Amino acid sequence: MTGPGDPGFAARLLAWFDTNGRHDLPWQHPRTPYRVWLSEIMLQQTQVTVAAPYFERFVAALPDLPALAAAPLDRVLALWSGLGYYARARHLHAAARACVARHGGELPRDFAALVALPGIGRSTAGAILAQAWGERFPILDGNVRRVLCRWHGVAGWPGLPAVEKRLWQLAEAHLPGTRLADYTQAQMDFGATLCTRHAPACLLCPVRGGCVALREGRVEELPTPKPGRTLPEREAIVLQLHDAQGRVLLQRRPPIGIWASLWSLPEAPDHGAARDWFEGHLEGDYAGGEALDPVAHAFTHYRLRILPRRWRTVAPRAAVRDNDELRWVAPDQFGTLGIPAPIRRLLLAGGER
DNA sequence: AATCCGGGGGA
DNA sequence: TCCCCAGGATT
């Protein structure tokens, strides 16, 4: 009889991991608390193949926690640029500074202290403690959720509180007594390579002998997908302004909302507001701008239609000069700033003259 | 406990 | 276009 406490589950997963797991991920060598933490944050809602090159660049630039804490936020955002979910970078930076202030410049080896840091929740704290220190804490990420929903035949969208509570209980019940770092990695490798969302490799599965979904023919329908909904749409005009030296005027976004604190193009909700802003900041004629092709960008909760408008040579009004919110930036400097991916693409595509 | 927030890439 | 990927914060 297999059940929630079945010790064979973890044992079989570990045996599979030894020969089939991923043992060469960049954050595994060396597996320091700082690198584990950084990798866990980068991997939130982000696939391994996407995060890996960002991780390598990040640790090359900021190799330890004190270096991260000492870096300006702009530098951290620049290293994050293109990875998305920029709140993660701001939280990471704030957490590093909190560790310097409260924990002697190191990541605390304590669940409550970890969860108290910005950007670290229950699952990430468990992952850090298990991977960095071998402590006995469960995780519940997308992989573990999918595996547990199938193996135990748990129906209902995992985002529902009752389902999530049940999954945490199951994750806790499966924990082995030893090898917690390997077990944590094994679950994620298993979910990412065998127990995938579509077309899982059940024939190769090390725990197929207890899987409720496999036995009942429900593998493809579990976990229950999130209920769908239609997303609202918004529009925004962005102003692509070049000066005589080929530089582009960038504006820092507000510290809250989407793309918080990143550098972007000046933006307005409609042409009236865009014209007002243009006439307040620049010499020249708003109507002289060239309308570029719209750019569609989908967020999780709404769709944004970006309407770019370009001026090849404009000059600022005498009273307007570079400041904290606004600066002229040469194309070879784009890499040093945190710029949202669709805006960066627009700048690189529209930069040729 | 319920709700909100948010980039990108693969299918 | 849809879906979801190593979730967390806010209320």
Side-chain angles (χ1 to χ4, degrees), chain A residues 21-22 25-28 35-55 77 80-92 94-95 114-128 130-131 138-147 149 157-165 167-168 171 181 183-193 195-199 223-234 253 256-262 264 295-304 306 338-345:
Chain A
R22 296 177 290 190
L25 297 172
W27 37 89
Q28 296 174 324
R35 291 163 64 91
V36 168
W37 171 42
L38 176 62
S39 72
E40 288 301 325
I41 301 302
M42 282 192 169
L43 289 163
Q44 288 171 3
Q45 310 290 314
T46 305
Q47 293 174 345
V48 166
T49 54
V50 176
Y54 285 87
F55 178 88
L77 289 172
W80 210 271
S81 187
L83 196 50
Y85 290 122
Y86 297 95
R88 295 183 296 175
R90 287 184 282 110
H91 288 150
L92 183 80
L114 283 172
V115 168
L117 293 170
I120 299 181
R122 181 175 177 182
S123 187
T124 298
I128 291 170
Q131 301 237 36
I139 61 169
L140 189 62
D141 56 24
N143 290 309
V144 177
R145 264 198 290 280
R146 186 168 57 252
V147 170
C149 281
W157 177 53
L160 293 172
V163 178
E164 187 183 351
K165 182 179 176 183
L167 294 176
W168 274 112
Y183 176 66
T184 301
Q185 188 63 45
Q187 293 174 91
M188 299 191 281
D189 290 356
F190 174 59
T193 63
C195 198
T196 50
R197 183 66 184 91
H198 297 289
T224 307
K226 178 184 178 131
R229 55 186 149 82
T230 61
L231 302 177
E233 293 200 28
R234 298 181 197 170
R253 297 186 57 86
I256 56 172
I258 65 162
W259 298 335
S261 300
L262 270 66
S264 186
V295 176
H297 190 71
F299 293 103
T300 307
H301 53 297
Y302 68 91
R303 300 178 193 286
L304 180 64
I306 300 170
I339 300 173
I343 301 297
R344 185 182 295 278
R345 278 195 296 273

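Throughout, a chain's letter reflects where its sequence line sits, starting with A, and its residues are numbered from 1. All values derive from a computational prediction rather than experimental measurement.
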| field | Cys195(A) and Asn143(A), any side-chain heavy atoms less than 4.5 Å apart | value | no
Extract from the structure each pairing of a protein N or O with an N or O of nucleotides 8-11 of chain C at less than 3.5 Å, listing the distance.
residue: dG8(C); atom: OP1; partner: Gly121(A); partner atom: N; Å: 2.9
residue: dG8(C); atom: OP1; partner: Thr124(A); partner atom: N; Å: 3.1
residue: dG8(C); atom: OP1; partner: Thr124(A); partner atom: OG1; Å: 2.3
residue: dA9(C); atom: OP1; partner: Gly119(A); partner atom: N; Å: 2.5

| Base-pair map of DNA chain B as dot-bracket, where | denotes pairing with a different strand and pairs are Watson-Crick or G-U under 3.5 Å | |||||.|||||
| task | Look only at the side chain of Arg253(A) and the backbone of Ser264(A), and say whether a donor-acceptor pair between them is shorter than 3.5 Å. | result | no
| field | Exam field: side chain Arg122(A) to backbone Pro138(A), donor-acceptor pair closer than 3.5 Å | value | no
| Are Ser261(A) and Arg90(A) close enough that a side-chain donor and a side-chain acceptor fall under 3.5 Å? | no
| request: Report yes if at least one side-chain N or O of Arg146(A) is closer than 4.0 Å to OP1 or OP2 of dC5(C); otherwise report no. | output: yes
| Can you find a heavy atom in the side chain of Ile343(A) that is under 4.5 Å from one in the side chain of Trp259(A)? | yes
| query | Got a sec, which residues hit ring pair (Phe, Tyr, Trp, His ring centres under 6.0 Å) with Tyr183(A), two or more places apart in sequence or on another chain? | reply | none
| task | Would you kindly give the CH2-to-P distance between Trp80(A) and dG8(B), to the nearest whole Å? | result | 13 Å
Which pairs of donor and acceptor atoms, one on a side chain in residues 45-53 of chain A, lie under 3.5 Å apart (sequence neighbours left out)?
residue: Thr46(A); atom: OG1; partner: Met42(A); partner atom: O; Å: 3.4
residue: Thr46(A); atom: OG1; partner: Gln44(A); partner atom: O; Å: 3.0
residue: Thr46(A); atom: OG1; partner: Arg88(A); partner atom: NH1; Å: 3.0
residue: Thr46(A); atom: OG1; partner: Arg88(A); partner atom: NH2; Å: 3.4

| request: Write down the distance between CG (Leu43(A)) and C1' (dG7(C)), rounded to a whole number of angstrom. | output: 12 Å
| Sugar-phosphate, base or nothing in reach of Arg344(A), heavy atoms under 4.0 Å | nothing
| query | Atom CG of Asp141(A) to atom P of dC5(C): distance rounded to whole Å? | reply | 9 Å
| request: Answer with base, sugar-phosphate or nothing: what part of the nucleic acid does Val144(A) contact at a heavy-atom distance below 4.0 Å? | output: nothing
| message | Can you tell me which nucleotide in dG7(B), dG9(B), dA6(C) comes closest to the side chain of Ile258(A)? | response | dG7(B)
| Whole angstrom value for the distance that separates P of dC5(C) from CE of Met188(A) | 14 Å
| query | How far does the C1' atom of dC5(C) sit from the matching atom of dC5(B), given to the nearest Å? | reply | 16 Å
| query | For Tyr85(A) and dC4(C), is the shortest distance between a side-chain N/O and OP1 or OP2 below 4.0 Å? | reply | no
| task | Indicate, with a heavy-atom threshold strictly under 4.0 Å, whether Gly82(A) touches base, sugar-phosphate, or nothing. | result | sugar-phosphate
| said: What's the closest nucleotide to the side chain of Pro161(A) if the choices are dA6(C), dA1(B), dG7(C)? | reply: dA1(B)
| request: Determine the contact category for Trp37(A): base if any of its heavy atoms lies under 4.0 Å from a base atom, sugar-phosphate if only primed atoms, P, OP1 or OP2 are that close, otherwise nothing. | output: nothing
| dC4(B) and dA6(C), which share atom name P, separated by this distance in whole Å | 25 Å
| query | If you find the nucleotide of DNA chain B closest to Leu160(A) and the one closest to Ile339(A), which residue's nucleotide is nearer the 5' end? | reply | Leu160(A)
| message | Whole angstroms only, please: what is the NZ-P distance between Lys165(A) and dG7(C)? | response | 23 Å
| Within this structure, what is the NE2-to-C1' distance between His198(A) and dC4(C), rounded to whole angstrom? | 8 Å
| request: Please tell me if the side chains of Arg197(A) and Pro223(A) come closer than 4.5 Å, counting only heavy atoms from C-beta onward. | output: yes
| Between P of dA6(C) and CD of Gln187(A), the distance in whole Å | 12 Å
| So do Val144(A) and Val147(A) actually touch side chain to side chain, heavy atoms under 4.5 Å? | no
| Distance, C1' atom - from dC4(C) to dG6(B), rounded to whole angstrom | 13 Å
| message | Quick check: on DNA chain B, is the nucleotide nearest Gly159(A) upstream (toward 5') of the one nearest Pro340(A), or the reverse? Name the residue that is more 5'. | response | Gly159(A)
| query | Does Gln45(A) put a side-chain nitrogen or oxygen below 4.0 Å from OP1 or OP2 of dG7(C)? | reply | yes
| At under 4.0 Å, does any side-chain N or O of Trp259(A) touch on OP1 or OP2 of dG6(B)? | no
| note | Here the distance between atom C1' of dC5(B) and atom NZ of Lys226(A), to the nearest Å, is 10 Å
| Arg22(A): partners by side-chain hydrogen bond (donor to acceptor under 3.5 Å, both in side chains), with sequence neighbours left out | Asp189(A)
| said: So Ala127(A), base contact, sugar-phosphate only, or nothing? Heavy-atom distance under 4.0 Å. | reply: nothing
| Quick one: ring pair (Phe, Tyr, Trp, His ring centres under 6.0 Å) partners of Trp37(A), sequence neighbours excluded? | none
| query | Is Gln185(A) touching bases, backbone alone, or none of the nucleic acid, heavy atoms closer than 4.0 Å? | reply | base
